[in-house]
*Asks:* 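Here it is, the structure, as structure tokens.
None of the values given here were measured: they were computed from a predicted structure. Heavy atoms only: backbone and side chains are in, while hydrogens, waters and symmetry mates are out.
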Amino acid sequence: MHDTNLLPHPVAQNIDRFTGRTWVLRPLLSWLASDQRIFLIKGAPGTGKSMLLAWLAGYGPTLDNPEHQQMRDTIHKAVRAVHFCVAVTGSVDPRIFVNAIARQLTDTLPGYGDALLATAAEHVAITAEVKTGDVYGTVTGVHIEHLDLHGLSGEASFNRILRTPLQQLYAYQDPGPLLILIDALDEAAAYTGKYHLPFLLSGLQDLPPQVQVLATTRPHTQIAKYLPDAYVNALDLIADAPDRDRDVRSYVHQRLAALGDPERERVANRIVQASEGIFLYAHLVVEEMIGCGDRIVQERGALPSGLGGLYASFLNREIGTDKSLWYEQYRPVLGTLAVAQGDGLTYRQLVRVLGSDVEIERTLDTCAPYLIGELPDGPFRPFHQSFVDFLVDRQANRHYWTDVVKRHRAIARHYWDRYREDWMACDDYGLRHCLLHAGLGEVWEVLAPLLEDLSFIEAQAHRLELEAILSGLSGVVARLTLPESKLDHPDFRERRECRRQAKHLLRVLDREAHNLRDWKPDLWPAYFAQQVHNRAVYEGFPAVMEAAKRRLAQSGQPHFALNWRTQHEPAALLRSLDVPQLYAMALASLPGGNGHGRVLSGGTDRVLRLW
């Protein structure tokens, strides 16, 4: 039984209805037999990229054609792991990707668990376990009980947990092909940390040729610049399709089985012609027509043009000629959900952000086909990125456009006004995303004091993983970055100052992370502020130091205070070298001339030091 928890909600809901796209099987098989590492399946929003990837991973219906099913089975047997990137949910973080892939590989790739334990023992706890389920067609005898990536950057996680174990595994045995499926690689490029996933994938050349990646992406993205042409193949689901309409026609015929011919053929022709090969368009029109019951056979008018036309047509029907409904009801709700992060916002959170004057419940109920989330409570977010694109694109959609800066600002102000006196009472959404909303909403009078309020950071540390705090700060730093031409412009002074504050706070928390992760507020209430203060003194960041000093004064708790610092490194330390394969603590004496000996040390941090 396949684990549908790996699939995004819309894909899991509809994968059993998947049809078509069998023409991609032959080029994929040819690529698997080549020495090219990466295959990109390109397609505009709504072309069914995510559904296709899930189907190739083994989900969904089998094929009636034996030859096609055999080709699909061959690809499926090579698949060892799958990951779906959704920018707002955080799944584009390389550490989350590494965690997800490593857990799957211990179940599906024989020997990987042992290699991981041998090369990254301090980060992983593995238990022997007989697996009774068939995940992708291969079963192993080990299972990750705990994978700790604390203290590792995205690049270090990728190298320690994936690259190094795979190099060791394939050096001593051949567990067979390893195909990793990644959906929406272009969304992974939106990650705001130092290295995103497309950049890390550019280093696959040094892995065995059996390791390959099949990824989906929108056309015309920037990810190609990170992937050398020599080991990348690609196809476009629309431009390269031998018959653009055939797959959509097959899907529509299947879904409208209740209609008899020739009526089904007539309706199908209208939908296929209007869809221009976009599966999502056909799916939405079919669902709406089925919902009309007997009226389906009476639908003879022209269908809207493209997904944008479909969304506009829906809003036109609901709003009619009363434009005040859009401005007072639909735009506040849909605009707020369009900028929501993670799993979205609950009904209660929407009421608090927007106020009780907005008819939120009615709007959610009416727009339910275009939202993810269960009524009445949620959380809710737009069902597809194309709907978000429609709502925020003023040039293409001037009638139903929403001001995203204004919506970010409303969320940030709500959390600031409600919780600034007691951040421990704040919900997890506010703690996780308030900084980003304040930055994207350009609410400098909220963002600046937030970055100087250590009670906010302490509340984050109490409720969230430290990595989530670091990722959030990284996002703020990246989003506030200015082009070189505007660096000295006076209009951006507040933006520059907030970015500098965020960068310094990020540096302090990142360098002190090894001490802050195990903080227990009930036992050591002043410890977090103490460590932040002392690290800020050490790094030379007076603003962070003063923020921590104020927090320590508020707590009234005893603490150690660093008031001055020595050199960053001992004078006796001559050189240091990272050695990932170093596993033991050791000392070696090295004789030197003129009576000056040297010592070589190796420690659990896997660093060789020459003294």
*Asks:* Side-chain donor-acceptor pair under 3.5 Å between N99 and R95, yes or no?
*Replies:* no
*Asks:* Counting only heavy atoms not in Q70 (residues, nucleotides, ligands), do more than 12 fall under 6.0 Å from its CD?
*Replies:* no
*Asks:* Less than 4.5 Å apart, any side-chain heavy atom of R26 and any of E67?
*Replies:* yes
*Asks:* Taking all non-hydrogen atoms of both residues into account, name the closest pair between Y59 and R72 and its distance.
*Replies:* O-NH2, 2.8 Å
*Asks:* Among L185, L181, L40, I41, which residue meets the side chain to side chain contact (heavy atoms under 4.5 Å, CB included) test with T216?
*Replies:* I41
*Asks:* Using side-chain heavy atoms (C-beta onward) and a distance below 4.5 Å, is L169 in contact with P175?
*Replies:* yes
*Asks:* Nearest 0.5 Å, please: how far is CG in D428 from NE2 in H433?
*Replies:* 9.5 Å
*Asks:* With distance as the sole test, does S471 use its side chain to make a donor-acceptor pair with the main-chain N or O of A468 at under 3.5 Å?
*Replies:* no
*Asks:* Working note: L178 + L105, criterion side-chain contact (heavy atoms from CB on, under 4.5 Å); need CA distance, chi angles, decisive distance, verdict.
*Replies:* CA-CA 9 Å; L178 194 175; L105 291 183; 4.2 Å; yes
*Asks:* Are Q530 and Q557 close enough that some pair of their side-chain heavy atoms sits under 4.5 Å apart?
*Replies:* no
*Asks:* Quick one: pull up CG in D427 and SG in C434 and give me the separation to the nearest 0.5 Å.
*Replies:* 10.0 Å
*Asks:* Please find the pair of heavy atoms, one from R160 and one from P165, that lie closest to each other, and give the distance.
*Replies:* O-CD, 3.1 Å
*Asks:* Got a sec: does the NZ of K49 have more than 12 other heavy atoms crowding it under 6.0 Å?
*Replies:* yes
*Asks:* Would you say the side-chain atoms of R37 pair up with the backbone N or O of L201, donor to acceptor, closer than 3.5 Å?
*Replies:* no
*Asks:* Given the rule in the side-chain contact (heavy atoms from CB on, under 4.5 Å) test, do V11 and D183 qualify, once you have shown the distances and angles that lead to the verdict?
*Replies:* CA-CA 11 Å; V11 175; D183 183 51; over 6 Å; no
*Asks:* Main chain of A12, side chain of H9: is a donor-acceptor contact present, judged purely on distance under 3.5 Å?
*Replies:* no
*Asks:* Any side-chain heavy atom of W519 within less than 4.5 Å of one from L466?
*Replies:* no
*Asks:* Could you pull out the closest heavy-atom pair between G344 and Q349, with the gap in Å?
*Replies:* O-OE1, 4.2 Å
*Asks:* Could you check whether any side-chain N or O of R80 sits under 3.5 Å from a backbone N or O of L179, counting only pairs where one atom can act as donor and the other as acceptor?
*Replies:* no
*Asks:* Regarding D73 and Q69, do their side chains bring together a donor and an acceptor under 3.5 Å, going by distance alone?
*Replies:* yes
*Asks:* Does any non-hydrogen side-chain atom of P219 lie less than 4.5 Å from one of D236?
*Replies:* yes
*Asks:* Going by the angle between their ring planes, with limits at 30° and 60°, are F97 and F158 parallel, tilted or perpendicular?
*Replies:* parallel
*Asks:* How are the rings of F541 and H504 set relative to one another: parallel (under 30°), tilted (30 to 60°) or perpendicular (over 60°)?
*Replies:* parallel
*Asks:* Go through F528 and L516 one step at a time and tell me if the side-chain contact (heavy atoms from CB on, under 4.5 Å) criterion holds.
*Replies:* CA-CA 6 Å; F528 192 94; L516 299 178; 3.8 Å; yes
*Asks:* How far apart are the closest heavy atoms of Q36 and Q212, and which atoms are they?
*Replies:* O-NE2, 2.9 Å
*Asks:* Identify the heavy atoms of A189 and I223 that sit nearest to each other, and give their distance.
*Replies:* CB-CG2, 3.8 Å
*Asks:* For Q104 versus A81, what's the shortest heavy-atom pair and its separation?
*Replies:* OE1-CA, 3.3 Å
*Asks:* Between the main-chain N or O of L431 and the side-chain N or O of W423, is there a donor-acceptor pair closer than 3.5 Å?
*Replies:* no
*Asks:* So, taking the atom named OG in S474 and the one named CG in D510, what distance separates them when rounded to the nearest 0.5 Å?
*Replies:* 7.5 Å
*Asks:* E155 vs R163, test: salt bridge (charged side-chain N to carboxylate O under 4.0 Å, His left out). Steps then yes/no.
*Replies:* CA-CA 10 Å; E155 182 184 29; R163 175 181 277 112; over 6 Å; no
*Asks:* With a 4.5 Å limit on heavy-atom distance, are the side chains of L345 and P379 in contact?
*Replies:* no
*Asks:* Could you tell me the separation between the CD1 atom of I180 and the NE2 atom of H83, rounded to the nearest 0.5 Å?
*Replies:* 11.0 Å
*Asks:* What's the spacing between L29 CG and M71 CE if we round to 0.5 Å?
*Replies:* 6.5 Å
*Asks:* Could you list all the salt bridge (charged side-chain N to carboxylate O under 4.0 Å, His left out) pairs where at least one residue sits in residues 524-537, not counting sequence neighbours?
*Replies:* E512-R535, R535-E539
*Asks:* Quick one: are L237 and W23 in side-chain contact, heavy atoms under 4.5 Å?
*Replies:* yes
*Asks:* Can you confirm whether D377 sits close enough to T346 that some side-chain heavy atom of one is under 4.5 Å from a side-chain heavy atom of the other?
*Replies:* no
*Asks:* With side-chain hydrogen bond (donor to acceptor under 3.5 Å, both in side chains) as the rule and sequence neighbours excluded, what pairs involving residues 170-181 come up?
*Replies:* D174-Q210
*Asks:* How long is the straight-line distance from CG of L450 back to OG of S455, given to the nearest 0.5 Å?
*Replies:* 9.0 Å
*Asks:* Are the side chain of T164 and the backbone of N159 linked by a donor-acceptor contact shorter than 3.5 Å?
*Replies:* yes
*Asks:* Are Q385 and R218 close enough, and set up right, to give a side-chain contact (heavy atoms from CB on, under 4.5 Å), and what steps lead you there?
*Replies:* CA-CA 11 Å; Q385 184 61 36; R218 295 186 183 198; 2.9 Å; yes
*Asks:* Keeping Y429 on the side-chain end and Q341 on the backbone end, is there a donor-acceptor pair under 3.5 Å?
*Replies:* yes
